[in-house]
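I have placed the structure first, in the form of structure tokens, so that the comments after it can refer back to it.
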Amino acid sequence: MARAREGRWLDLLVPIAVLLGAVVVLLPGLGATGLWTQGELPILDRTLAAFGEPRSNLVRSPWLPDQLRTWAYAAAGRSDWGLRLPGALAGVGLVALALATARRLGWSPAWVALAGCFTLAMPLLLASSRTALGNPTGELWLCVATLALLAACDRGRERERITRGVLGVVGVAGLAAAVASLGIVLGGCLPLGLVALADVAREPEHGGLRLPRWAVIGAWTTSAAAGFVGLWLAWNQGEGYIPLLGAAKDLELLEEPTRRGFTDTLESFGYQVFPFTGLVVLGLLGPGRARWPALWLGVALVATSVWSLTYGPTPIPVTIPAALLATAMCKRMFDSHEPIAARRLLLFCAVLGALVLGKDAGRLPQHIASPLLELSDLEFPAAGLVPGFDPAESLPRMAKRFAALLILAHVLAAPSVDQLRWRKRHAQLWWLRRFSRLTTVFDRLVTRGHERDSGLARARELAPLALLFVVLTQQIWTYGRTTLTQVNEQLSIAGPLQRFAAAVERGELPEPQLGLHRIRDPGLEYYGPGTEHEVFLTNRGDLDRWLGVDSPRTALIRRADLPPAFSSARTGGRPLYVLDNLHHEYLLVANFLPEGYEDHNPLHGIAFDEPVTLANETLVGWDPYVELIAWEIDGELHRGSSATLHMVFRVKRPMPAGTKMYARLQKGKVSRVAAAPHELTGGVFPPNYWRAGDYIHHRFEFEVPWLEVLPGEHELIVGMRRSEKSNLKISTPEDKTGEFGVTIRGKKHEFATIGAVELAW
């Protein structure tokens with residue numbers, strides 16, 4: 001009796017603890033970073049239009065999600081967090097439904113909690129809950145409708161008629177809300193089809209769902225009817241919006257169907273469940289007792305893929321089945337009754353999937369950091385522009401950490417039964433006897449015959465689960481709170497404008513007037529200081545005149561406009577300070593430096609009035625533009641190492657825009673390092689803005705390959721690329737050799753050897 005009471009308390013406390021964790025992660029700080037200029041501001045425009053404010057070019061959307069956001073926005077006093085609140089509450093609701101579904105599958109409280117953590121750790125859920133993107137409320141209604149209708153019709157559970165009636169009403173209400181949120185195809189046909197498929201995936205021997213025949217026939221019939229209505233509406237739909245479908249056709253896709261393929265949705269799904277894609281795919285192929293979640297995932301993926309071919313990218317409502325399948329695969333991976341070969345194969349595929357997705361995250365971090373709004377390289381912040389913001393490093397590190405802890409959990413898990421039998425059968429082998437001495441302690445931990453070992457055996461069973469909880473908690477916080485917060489700050493103009501307003505209020509900036517140079521961000525209307533304090537500066541001359549007065553003035557400019565503004569200020573002998581550089585696109589500049597502020601102008605470390613001293617002098621000229629006068633390499637040179645090449649140029653006149661630098665290490669014709677041309681100063685200070693008399697300190701970080709190079713002495717060869725088809729001709733030295741050992745290479749005078757370095761193994 002005491003054990004049963006303890007089990008009931010555990011069944012109650014575990015979901016409460018996970019739900020409290022979801023609330024702590026999803027709700028605090030929803031509106032602290034501002035709304036995304038792309039994606040969220042169009043949603044805000046629809047909300048403001050509902051209040052009667054004039055808005056144009058509104059994108060039509062399903063009614064219910066917009067209505068919920070409008071109510072929450074009004075209740076929150078028109079604050080940003082009110083627009084995001086319905087999504088955050090829907091995220092908590094999805095975690096609760098995942099816990100209930102895992103419990104219905106017959107899993108223990110520990111595995112139920114793990115399923116809830118997997119749900120909360122999905123980038124799909126975190127991104128839709130911490131922003132106004134996606135349609136998490138629609139997915140919530142879909143899941144409520146499906147699970148409530150199944151519970152109402154399930155003959156495997158003894159329930160009173162009143163309870164079944166309440167569940168039926170909840171299911172029908174959820175179905176209506178899903179149709180109002182997702183349309184009749186995804187919100188009506190899909191959940192009804194899932195109810196029908198639950199009978200196909202039933203497992204009576206494990207207490208699975210048992211639906212009466214009339215319920216199965218009714219589910220199939222109504223699902224087919226909803227699908228037929230949706231197909232008929234889609235076939236006859238023109239360019240307009242049909243509320244029952246909840247969408248308008250993507251006209252760009254209709255004009256160019258090859259822009260999107262069927263597998264694009266599968267690729268997006270892989271990014272939305274990062275880094276658990278390998279586990280989820282394994283669960284889809286071999287679900288075990290989670291057959292119905294596997295059918296749910298497969299059907300939803302196919303339906304959304306077909307839908308997206310006409311209506312464009314659509315969020316996939318598969319958070320719960322993806323989390324359940326990932327949990328089911330972890331159960332099999334650590335189950336001692338599973339063959340050890342199968343467990344190792346599962347581990348290999350899961351780790352391989354995490355590492356492959358981690359490599360993609362380093363190459364295209366925007367697909368994972370903004371999975372519901374696929375941004376291009378020009379819209380997503382580039383690495384290194386903002387201090388502390390580098391998803392191209394943090395996301396791959398997250399995937400590698402998950403893979404490493406998964407391997408460690410496999411090592412600590414109890415050995416398989418067939419593995420122990422094999423050891424016993426081959427105990428006479430000398431190498432196995434030595435290995436057994438190392439594993440005796442672990443083997444005793446799973447021995448249940450002795451009372452003194454039972455506690456240790458239980459601890460070893462729980463060790464893999466504990467490691468999974470650690471890695472999932474780390475991902476939830478790192479991605480959900482750190483990464484998404486940083487992305488929110490970078491994709492909204494609210495940050496620099498709010499910091500400017502706070503500085504004015506504190507008296508650090510004496511003038512509330514703010515110059516705006518070539519700022520066309522729609523967020524300026526919501527977060528700007530107001531039209532009475534805004535001065536629009538149309539061209540560079542306006543900016544120079546605004547900052548050229550004696551009184552203190554500030555301006556918000558694009559980061560791309562800093563080099564010309566800096567060159568103009570140096571030419572005119574005027575000061576130019578960067579007061580705020582925490583945004584990837586916008587900078588707050590001023591003609592004075594307030595007390596307590598630091599100058600964050602990155603160009604001060606590039607352009608100098610006097611030459612910078614480096615280890616090696618040289619002299620290579622490209623008349624009438626620049627001369628290379630010094631160089632050095634900072635860092636060790638060996639296979640797999642990273643080093644930085646420093647160079648100093650003396651400027652005679654600005655160089656053509658787009659000029660790139662060749663600086664490669666070469667030994668013979670087979671060993672080359674950094675052979676491709678690269679941007680001068682990394683693109684921070686383009687050469688067409690250099691001025692006569694400047695000394696430019698150019699830095700170039702490169703990596704030495706592991707396999708493609710040979711050890712020994714390598715020559716440092718330099719050149720300038722004018723365009724993809726032509727290079728600048730070297731004017732100094734005029735002959736084949738020059739000062740400081742410079743040697744011209746080739747007949748066209750385009751490359752020169754300026755020194756040699758030693759590359760070790």
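- At distances below 3.5 Å, at least one donor-acceptor pair connects side-chain atoms of Gln490 with backbone N or O atoms of His584.
- Side-chain atoms of Thr314 come within 3.5 Å of backbone N or O of Gly312 as a donor-acceptor pair.
- Trp292 contributes a side-chain N or O that, together with a main-chain N or O of Leu194, makes up a donor-acceptor pair within less than 3.5 Å.
- When atom types are taken as modelled, the side chain of Ser492 and the backbone of Leu35 share a donor-acceptor pair closer than 3.5 angstrom.
- Smallest separation of non-hydrogen atoms from Leu64 and Ser181: CD2-OG, 3.4 Å.
- With rounding to the nearest 0.5 angstrom, the CZ atom of Arg55 is 5.0 Å from the CG atom of Leu48.
- When all heavy atoms are compared, the tightest approach of Ala127 to Tyr479 is CB-OH, 4.4 Å.
- Two residues are said to be in side-chain contact when any heavy atoms from C-beta on lie closer than 4.5 Å; Arg46 and Arg69 meet this criterion.
- Cation-pi contact between Arg78 and Phe51: present, with separation from the ring centre below 6.0 Å and deviation from the ring axis of at most 45°.
- Side-chain polar atoms of Tyr526 and Asp521 form no donor-acceptor pair below 3.5 angstrom.
- Pairs of residues two or more places apart, or lying in two chains, never qualify as side-chain hydrogen bond (donor to acceptor under 3.5 Å, both in side chains) while including a residue from residues 320-330.
- When all heavy atoms are compared, the tightest approach of Lys249 to Thr310 is CG-CG2, 3.8 Å.
- Residue pairs satisfying the ring pair (Phe, Tyr, Trp, His ring centres under 6.0 Å) criterion with at least one member in residues 247-285, sequence neighbours excluded, are listed as follows: Phe118-Phe276, Tyr271-His367, Phe276-Phe402.
- Glu267 places no side-chain N or O within donor-acceptor distance of the main-chain N or O of Gly270, the cut-off being under 3.5 Å.
- For Arg481, the side chain to side chain donor-acceptor pair (under 3.5 Å) test picks out no residue, with sequence neighbours left out.
- Between Thr277 and Val280, every side-chain heavy-atom pair lies at or beyond the 4.5 Å cut-off.
- A donor-acceptor contact shorter than 3.5 Å links the side chain of Arg103 to the backbone of Trp107.
- Between Leu140 and Gly93, the shortest heavy-atom contact is CD1-C, 3.7 Å.
- The residue from Asp250, Asp264, Thr265 that alone fulfils the side chain to side chain donor-acceptor pair (under 3.5 Å) condition with Ser308 is Thr265.
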Pair Arg558-Glu585, salt bridge (Lys or Arg N to Asp or Glu O under 4.0 Å): steps then yes or no: CA-CA 6 Å; Arg558 301 181 308 169; Glu585 187 175 0; 5.9 Å; no

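- One finds no salt bridge joining Glu525 and Arg520 here, because no Lys/Arg side-chain nitrogen approaches an Asp/Glu carboxylate oxygen to under 4.0 Å.
- Shown here are the side-chain contact (heavy atoms from CB on, under 4.5 Å) partners of Thr319, two or more places apart in sequence or in another chain: Thr119, Met122, Leu124, Leu125, Glu139.
- The line from CD of Gln272 to CD1 of Ile316 is 5.0 Å long, rounded to the nearest 0.5 Å.
- Looking at Thr131 and Glu40, their side chains never bring a donor and an acceptor atom within 3.5 Å of each other.
- Here the side chain of Ser223 pairs a donor or acceptor atom with the backbone of Cys189 at under 3.5 angstrom.
- In terms of modelled atom types and a separation under 3.5 Å, the side chain of Arg60 and the main chain of Ala247 share no donor-acceptor contact.
- Listed for the Tyr527 side chain is no donor-acceptor partner under 3.5 Å among the backbone atoms of Gly495.
- Within the structure, ring pair (Phe, Tyr, Trp, His ring centres under 6.0 Å) contacts touching residues 162-199 (residues at least two apart or in different chains) do not occur.
- Applying the ring pair (Phe, Tyr, Trp, His ring centres under 6.0 Å) rule to pairs touching residues 300-322 yields Trp307-Tyr311, sequence neighbours excluded.
- Closest non-hydrogen pair, Pro191 versus Thr146, comes out as CB-OG1, 3.3 Å.
- Taking both residues in full, the closest heavy atoms of Ala152 and Leu167 are given as CB-CB, 3.8 Å, listed atom of the first, atom of the second, then distance.
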